[in-house]
2 protein chains.
Amino acid sequence: MITSNELLRGTLRTIVLKLLYEYGRMYGYEITQRVKELSGGEIQLTFGALYPTLHKLEKEGVLTTTSEVVDHRSRKYYELTKVGEATASTKIEEYFAFIGNMDKIMSAQSKIA
Amino acid sequence: MITSNELLRGTLRTIVLKLLYEYGRMYGYEITQRVKELSGGEIQLTFGALYPTLHKLEKEGVLTTTSEVVDHRSRKYYELTKVGEATASTKIEEYFAFIGNMDKIMSAQSKIA
DNA sequence: TTTGAATATATAATTTTCTTATATATGATT
DNA sequence: AATCATATATAAGAAAATTATATATTCAAA
C-alpha cells in the first residue's frame, strides 16, 4: 500500500481537483475513500496533508464549502468555484503532459536489446 | 517548460536513479542536460535540488563518486554501487506501479458519455 | 577585449509540503 | 466495555524543493 511513497509528493492538489471536477461536491473523508477505492487500496491520503490542502484551496478561491449534519455527524462539503473548474481543468491537462514527459525519461534505454 | 511544476516534487530521486541505472556513470550537469533532452526541453532540474540529492544518495551508499578534470574544469562522476543498482531497480518498478495507480484516479469518470 | 553564454559544482536561507501525533466526537459492531 | 468506522481539524517536526548566491573555466560574438 502506498501511503507515504515519495512519489505521492506533489500530487495531492491534482488528485483533489480531479475528483471534485469529476464527482462534484465531496467531503474530506469521502475524498480519501474514493482515492483508496479507485487505486485498489494502493493510494491512501493522510488527513494531515489533505485538510490543510483543502483549506488552502478554499482560501485561494478555488473551492467553496458548505456544512451539513448527517447522522448527527458534521460534514463539510467542498465544491469547485467557477475559477476552480478552470484551475482543475488546467491541472488535469498538466498532469497528463507531465506524465508524458516523465515517461520519456523513465522509458529511456541506452542499451538496445 | 516544466521547471517548478509541483508534480516534479518527489520524482528527483527516481529520475536520478533511472538515468544512472541506464547510462552508467554521469556527472551532475550531464544529468540535468539528459533530462532536458529526453523530455524535449520540458523538464529542467535545478541544481539546488540536484546536488543535495546526489550527496544524500552518496551518503546512503547508493552511489560513489570519482572526480576528473576535463578541459581544466572539474567533473564529479556519480555511479551506482551494487546496492544502488538494486535500489534503482526497485524505484523504477515502484514508479510504474505508482503511475498505474495514479492513472486509475486521473482517468476516473463519473459521467459516461 | 570584454561581455555573455555555456559548462561545472556547491551551499545557504527560506519556503513549501508532508508526516506523525494528537484531539474531539458519533454510530455500529463485538 | 471496547474497538472499529466515520468525520474534521491542528500542531510540531521533518523532508524536500525553490531561490539566491558564490566560484571558475571555455568559447564565441560584439
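So that the names make sense, note that chain A is the first sequence line, chain B the second, and so on, each numbered from 1.
Residue contacts shown for B:Gly48 include a base, since a base heavy atom lies under 4.0 Å away. Nucleic acid contact class of A:Tyr77 (heavy atoms, under 4.0 Å, all strands): none.
Of the listed nucleotides (D:dT18, D:dT8, C:dC18), D:dT8 has the atom at the smallest distance from the side chain of A:Tyr29. Checking C:dT9, D:dT18, C:dT19 against every side-chain atom of A:Ala49, the shortest atom distance belongs to C:dT19. Of all nucleotides listed (C:dC18, D:dA17, C:dA10), D:dA17 comes nearest to the side chain of B:Leu12.
Note on A:Glu6 versus B:Lys91: salt bridge recorded, some NZ/NE/NH1/NH2 to OD/OE distance being below 4.0 Å.
Side-chain contact between B:Thr46 and B:Thr32 is absent, with no heavy atoms from C-beta onward closer than 4.5 Å.
Regarding B:Leu50, its CG atom lies at a distance of 12 Å from the P atom of C:dT11, rounded to whole Å. Between B:Asn5 atom CG and D:dA16 atom P there is a gap of 19 Å when expressed in whole angstrom units. Straight-line distance from the OH atom of B:Tyr51 to the P atom of D:dT18: 15 Å, rounded to whole Å. Taking atom CG on B:Leu45 and atom C1' on C:dT9, their separation rounds to 15 Å, with Å as the unit. In this structure, the CD atom of A:Glu37 is 12 Å from the P atom of D:dT6, given to the nearest Å. Counting to the nearest Å, the C1' atom of D:dA17 and the CD atom of A:Glu6 are 13 Å from each other. When rounded to the nearest whole Å, the span between CD of A:Glu68 and C1' of D:dT6 equals 16 Å. Distance, B:Gln44 CD to C:dA6 P: 11 Å, rounded to whole Å.
Residues from residues 69-76 of chain A lying near DNA chain C, meaning a heavy-atom separation below 4.0 Å, are A:Asp71, A:His72, A:Arg73 in numerical order.
Remark: B:Tyr51 pairs with B:Phe47 by the ring pair (Phe, Tyr, Trp, His ring centres under 6.0 Å) rule, at least two apart or across chains. Partners of A:Tyr27 under the side-chain hydrogen bond (donor to acceptor under 3.5 Å, both in side chains) rule, at least two apart in sequence or in another chain, are A:Arg75. Residues forming a side-chain hydrogen bond (donor to acceptor under 3.5 Å, both in side chains) with A:Thr66 (at least two apart in sequence, or on another chain): A:Arg25.
When the side-chain nitrogen and oxygen atoms of B:Lys56 are compared with OP1 and OP2 of D:dA16, one or more of them lie within a distance under 4.0 Å. The side chain of A:Tyr27 places an N or O atom within less than 4.0 Å of a non-bridging phosphate oxygen (OP1 or OP2) of D:dA7. OP1 or OP2 of C:dT11 sits under 4.0 Å from a side-chain N or O of B:His55.
Residue pairs satisfying the salt bridge (Lys or Arg N to Asp or Glu O under 4.0 Å) criterion with at least one member in residues 99-110 of chain A, sequence neighbours excluded, are absent. The salt bridge (Lys or Arg N to Asp or Glu O under 4.0 Å) pairs that include a residue from residues 49-67 of chain A are A:Arg13-A:Glu60, where partners are two or more places apart or lie in different chains.
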